[in-house]
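So you know, we letter chains A, B, ... as the sequences are listed, proteins then strands, and number each from 1.
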Amino acid sequence: MSDNLTASTYNPANIEAETQQYWKEHNSFFADSKSSKPKYYCLSMLPYPSGRLHMGHVRNYTIGDALSRYKRMQGYNVLQPMGWDAFGLPAENAAMNNNMPPAKWTYENIDYMRDQLQKLGFAIDWSKEVATCDASYYRWNQWFFLKLLEKGIVYQKTAKVNWDPIDQTVLANEQVIDGKGWRTGATVEKRDIPMYYLKISDYNDELLSALPDMEGWPERVRTMQTNWIGKSSGVRLCFPHNITDADGALIADGKIPVFTTRADTLMGVTFVAVAAEHPIAQKAAKNNAALHDFIAECKEGGVSEEDIAKREKKGMDTGLTAQHPLTGENVPIWVGNYVLMNYGDGAVMGVPAHDERDFAFANKYGLPIQQVIASTKEQPPFDSSQWQEWYGDKENTVTVHSGKYDGKDFAAAVAAITADLQVKSLGDKQTTWRLRDWGISRQRYWGTPIPIIHCPSCGAVPVPEKDLPVVLPQDCVPDGSGNPLNKREDFLAVDCPRCGQAAKRETDTMDTFVDSSWYYFRYTCPEAGQMIDEQTKQWMPVDQYIGGIEHAILHLLYSRFWTRAMRDCGLTDLSEPFDRLLTQGMVLNDTYFRKADDGRVSWYNPDDVEVSTDSKGKPISAILREDQQPVDIGGVEKMSKSKNNGIDPQALIDQYGADTSRLFTLFAAPPEQSLEWNASAVEGAYRFLKKLWTYVNDNQTLLSQLTSIEDNTLSKAAQEARFEVHSSLQQANKDYERMQFNTVVSASMKILNALTGLERDEKNAPVHQEGARILLRLLQPITPHITHSLWQQLGETTDILDAEWPQADDSAMVTTTVTIVVQVNGKLRATIEVDASADKTSIETSALAQDNVQKFMEGKPAKKIIIIPNKLVNIVI
RNA sequence: GCCGGGGUGGCGGAAUGGUAGACGCAGCGGAUUCAAAAUCCGCCGAUGAAUAAUCGUGAGAGUUCGAGUCUCUCCCUCGGCACCA
């Protein structure tokens, strides 16, 4: 039978279905805890089951899968699990829109998305699947919460939340739009409510000091966490006062404590600013209506750090004074809306000359500005009408106008001032942290119930371990006003476990970050009748974690904390859960819009827009297909609902297949960088796979054996093709190790180009046979279906997954001559072919003999000749 | 506002301090075809008649025989900011 008769066109739908069926029948991806091979735990961040996979998921899991398959073919026992971060706010929103319980919505989404993941051919061990909304998972959230409560790591305190006064409900930050509630439009208030906190602050030193040694993590993530933990060394000092409360007692023992990192500027203090909730502000407001109103105004607006930082800095004089701790002079006390009661001491010292924010504040309210620092570098003179960068410097400074402290640099001034404060018992060195304890209470239904019972006699009583899990009712439908659990008598009513009288369950649920802080432990033993069992030891820590950069701080820090908390409860020996971390970039797409007369912007999906380009292919205009009218071309932005620039990966899979989707995703950009959607580039990926299919499929007879290569019998063309195959393979193997999959794809394309460019005859057959086998194995982690199918067409009987990984053959890359670049004064003037073994003198001689080299040397003698072997000669004149 | 990342052809991107633009997309020209799709071949940073030369990696300076790469200053842009996940 001739090859022509067996040739068929590339049909991804059939190939992929058959290959997936094969994997299913062979249980190919089961990760056996008892295997003797070295383990490799490859973890991708688990998805929120929003309904359908988006391109970000596809990218994340394609990267993880390419790595998992590569490691597996390197001989590792690979665990690649998958699960669902299934609790959270979107399910409640969907419930409101569709009048459907969040549970039903969530489980339907999980079923759909699991099917999508399977159609993408990911080598996932589905026997280890976990959904965080299953009681079999979240019972261990509850169990561990109680453990931490026992250990004193859980505690209760009040916290500020966004409060919608019309819906009478707590709002998430994302539900606050321009300071108004998203459903009611009412002005959001800050309100204090009791919450459970985890004492992550007990671990701040450890979480910080481990970071420098975490070499498998990107530098930028470690820097972000370092800044987030925010260790700062400074001085905590007190401004004495004699302000009394209603009972005539001194407020806070007659002291206003403040923290500063700039004790060297203490002599420049011209005011003290306190938070609106500070007891002194409260006291001053009693007889001052304007101040009372100002304090009320401070309560408006959101609670996010960004909201607070961007708010216009405002203040009001309390009319009260405190004393400067060193000079005893009176210092006015102001209320500032930028001072936070629950951060530090709720008060700050104001040094307008050397802090930009204080400077603006003092200028606005006419407070004095007292310079106490001068620059030792040449700088413009101090000018109290305009802020200069150097006013806030710590380096190259000397104290001035500071009495006995004059003439000191930063460290000396801080030391001298601190010593005097210590003598007066009004201050001492202190380390503070930016990291705040983790408030985990959420006033929402769709989350893990906090296992606490409120008894009128006994107070807050933990649910006994034997009564776990506290099961979340599955049939509630939230309506936007408060937590539906508060209306569920069957959930609420319970007897106090301590005294037996009628009591009430806690209705707050846990932050969903709790769920994602330890799911990777549970994957190793999803059926265990305890939080984790001995199988965990076999797999943990995670060797490679992959996920979005947006999780660089919160999720990754909480997981590091949670692992330590588990360690301190005797559950694991580990401190760090993730050995290596890869933060993948975002998926972007073009945006198109029209702006209506009233300023409203409508966004159009790139699929519905036709773009015209100039003769060079540069886009010049775009029209909407529907009405043939022009639309404006926006920038390239993250795929999102709001910009209507998302691409549904399902359409991509349906049209081109999983292999093309995977190839495009990995080829278009390196994993850490953002990836731009490009429909033509998808076509290009598809074209490559068609070409690969045709090459193997059309040449089955030629390729079906594997004859050994005798180098000296090969033609020059065959040797060159083989050189290209092996040098590309060598590069690809290096790039696999550093997870640079885009250049692995490039190398694969080069290999296929070399092979298809080489005549397919008996003489060249060994090079084709070897090259095809290299190429298929090289591509298996990236496009697993087509390579599985073509591997069989080569007559190979073993599973390609079990095939030995290809290594570059040095003998294929030996060359007799090399091309050397000749530069004159660093500029390229000629290239020369020399014998690979040529010595420096002969290289120099032939370089100098080049006409163009002589021309540019203009008859001048060479001052210096630099020779880099096999690469370059630079003649300096 | 604070913190972090990124700027290289028309586009995505490639380059252990050593030939900038590999590989691909788009574009242009050609072959094949009744025609189209698909496929194959060639060209493809700018100026230029040019296989000459000059310029060219956001801008400016510096280190070096040599800088996309190292150092400093500046500009633009994107991401995170604790109740979105």
**Request:** Figure out the NZ/C1' separation between Lys690(A) and C40(B), and round it to whole Å.
**Result:** 13 Å
**Request:** Determine the contact category for Asn852(A): base if any of its heavy atoms lies under 4.0 Å from a base atom, sugar-phosphate if only primed atoms, P, OP1 or OP2 are that close, otherwise nothing.
**Result:** sugar-phosphate
**Request:** Would you please classify the geometry between the Tyr686(A) ring and the Tyr656(A) ring as parallel, tilted or perpendicular, with 30° and 60° separating the classes?
**Result:** perpendicular
**Asked** Going by a 90° cut-off around 0, is G9(B) syn or anti?
**Response** syn
**Item:** Minimum-distance nucleotide to Ser680(A) side chain [options: C23(B), C25(B), A53(B)]
**Value:** C25(B)
**Prompt:** Closest nucleotide of RNA chain B for Val876(A) versus for Lys750(A): which of these residues is on the 5' side?
**Reply:** Lys750(A)
**Item:** Listed nucleotide nearest any side-chain atom of Arg687(A), set G5(B), A26(B), A53(B)
**Value:** A26(B)
**Asked** In whole Å, what separates the C1' atom of C83(B) from that of U71(B)?
**Response** 44 Å
**The single option from Asp515(A), Asp508(A), Asp511(A) passing salt bridge (Lys or Arg N to Asp or Glu O under 4.0 Å) against Arg442(A)** = Asp511(A)
**Prompt:** How about Thr694(A) and Asn697(A): does a side-chain donor come under 3.5 Å of a side-chain acceptor?
**Reply:** no
**Distance test, side-chain N/O of Asn678(A) to OP1/OP2 of A26(B), below 4.0 Å** = no
**Message:** Under a 3.5 Å cutoff, is there a donor and acceptor pairing between the side chains of Trp693(A) and Asp698(A)?
**Reply:** no
**Item:** Separation of G13(B) C1' from Met749(A) CE (nearest whole Å)
**Value:** 12 Å
**Request:** Counting Watson-Crick and G-U wobble pairs only, both distances under 3.5 Å, name the nucleotide matched with A22(B), or none.
**Result:** none
**Request:** Indicate the ring-plane relationship of Tyr48(A) and Trp105(A), choosing parallel, tilted or perpendicular according to the 30° and 60° boundaries.
**Result:** tilted
**Request:** For G66(B), take OP1 and OP2 only and decide whether either is under 4.0 Å from a side-chain N or O of Asn825(A).
**Result:** no
**Request:** Could you tell me the separation between the CG atom of Asn753(A) and the C1' atom of C25(B), rounded to a whole number of Å?
**Result:** 15 Å
**Message:** Work out how far the C1' atom of G48(B) is from that of U57(B), and round it to whole angstrom.
**Reply:** 22 Å
**Request:** In whole angstrom, give me the gap between the C1' atoms of A85(B) and U19(B).
**Result:** 48 Å
**Item:** Rounded C1' spacing from A49(B) to G58(B) in Å
**Value:** 33 Å
**Request:** Quickly work out the Tyr656(A) OH to A38(B) P distance and round it to whole Å.
**Result:** 10 Å
**Prompt:** On a whole-Å scale, what distance lies between the P atoms belonging to A26(B) and U39(B)?
**Reply:** 10 Å
**Request:** Could you run through nucleotides 80-85 of chain B and give me one letter per nucleotide, 5' to 3': B if any protein heavy atom sits under 4.0 Å from the base, S if only the sugar-phosphate is that close, - if neither?
**Result:** SBBBSB
**Item:** Nucleotide opposite U16(B) in a Watson-Crick or G-U pair, distances under 3.5 Å
**Value:** none
**Asked** Which part of the nucleic acid, if any, lies within reach of Gln823(A) when heavy atoms closer than 4.0 Å are counted: base, sugar-phosphate only, or nothing?
**Response** base
**Request:** Select base, sugar-phosphate, or nothing to describe what Met586(A) touches, counting heavy atoms under 4.0 Å on all strands.
**Result:** sugar-phosphate
**Request:** Starting at CG of Leu198(A), measure out to CD1 of Ile440(A) and round the result to the nearest 0.5 Å.
**Result:** 4.5 Å
**Message:** Quick one about Thr169(A) and Asp164(A) (side-chain donor to acceptor, distance below 3.5 Å, no hydrogens or angles considered), yes or no?
**Reply:** no
**Asked** Taking NZ from Lys871(A) and P from U19(B), how many angstroms apart are they, rounded to a whole number?
**Response** 7 Å
**Under 3.5 Å on both distances, the Watson-Crick or G-U partner of G4(B)** = C78(B)
**Item:** Phosphate contact (G13(B) OP1 or OP2) by Gln673(A) side-chain N/O below 4.0 Å
**Value:** yes
**Pairwise P distance for G27(B) and U32(B), with rounding to whole Å** = 22 Å
**Prompt:** What distance do Gln740(A) atom CD and Gln731(A) atom CD have between them, rounded to the nearest 0.5 Å?
**Reply:** 9.0 Å
**Message:** Work out how far the P atom of G10(B) is from that of C44(B), and round it to whole angstrom.
**Reply:** 15 Å
**Prompt:** When the distance from CG of Leu675(A) to P of G6(B) is rounded to whole Å, what number comes out?
**Reply:** 17 Å
**Asked** With a 3.5 Å cut-off and no angle check, do the side chains of Asn173(A) and Asn162(A) form a donor-acceptor pair?
**Response** yes
**Prompt:** Expressed in angstrom and rounded to an integer, what is the separation of Gln225(A) atom CD from G5(B) atom C1'?
**Reply:** 16 Å
**Complete:** Using Watson-Crick geometry (N1-N3 plus N6-O4 or O6-N4) or G-U wobble (N1-O2, O6-N3), each under 3.5 Å, U73(B) is paired with A59(B)
**Item:** Asn753(A)-Lys691(A) side chain donor-acceptor pair, cut-off 3.5 Å
**Value:** yes
**Asked** Applying a 3.5 Å limit to both distances, which nucleotide forms a Watson-Crick or G-U wobble pair with G48(B)?
**Response** none
**Message:** Taking the C1' atom in each of G9(B) and C25(B), what is the distance between them to the nearest angstrom?
**Reply:** 13 Å
**Prompt:** In whole angstroms, how far is the C1' atom of G56(B) from the NZ atom of Lys827(A)?
**Reply:** 11 Å
**Complete:** Partner of A31(B) under the Watson-Crick or G-U wobble criteria, both distances under 3.5 Å, comes out as U39(B)
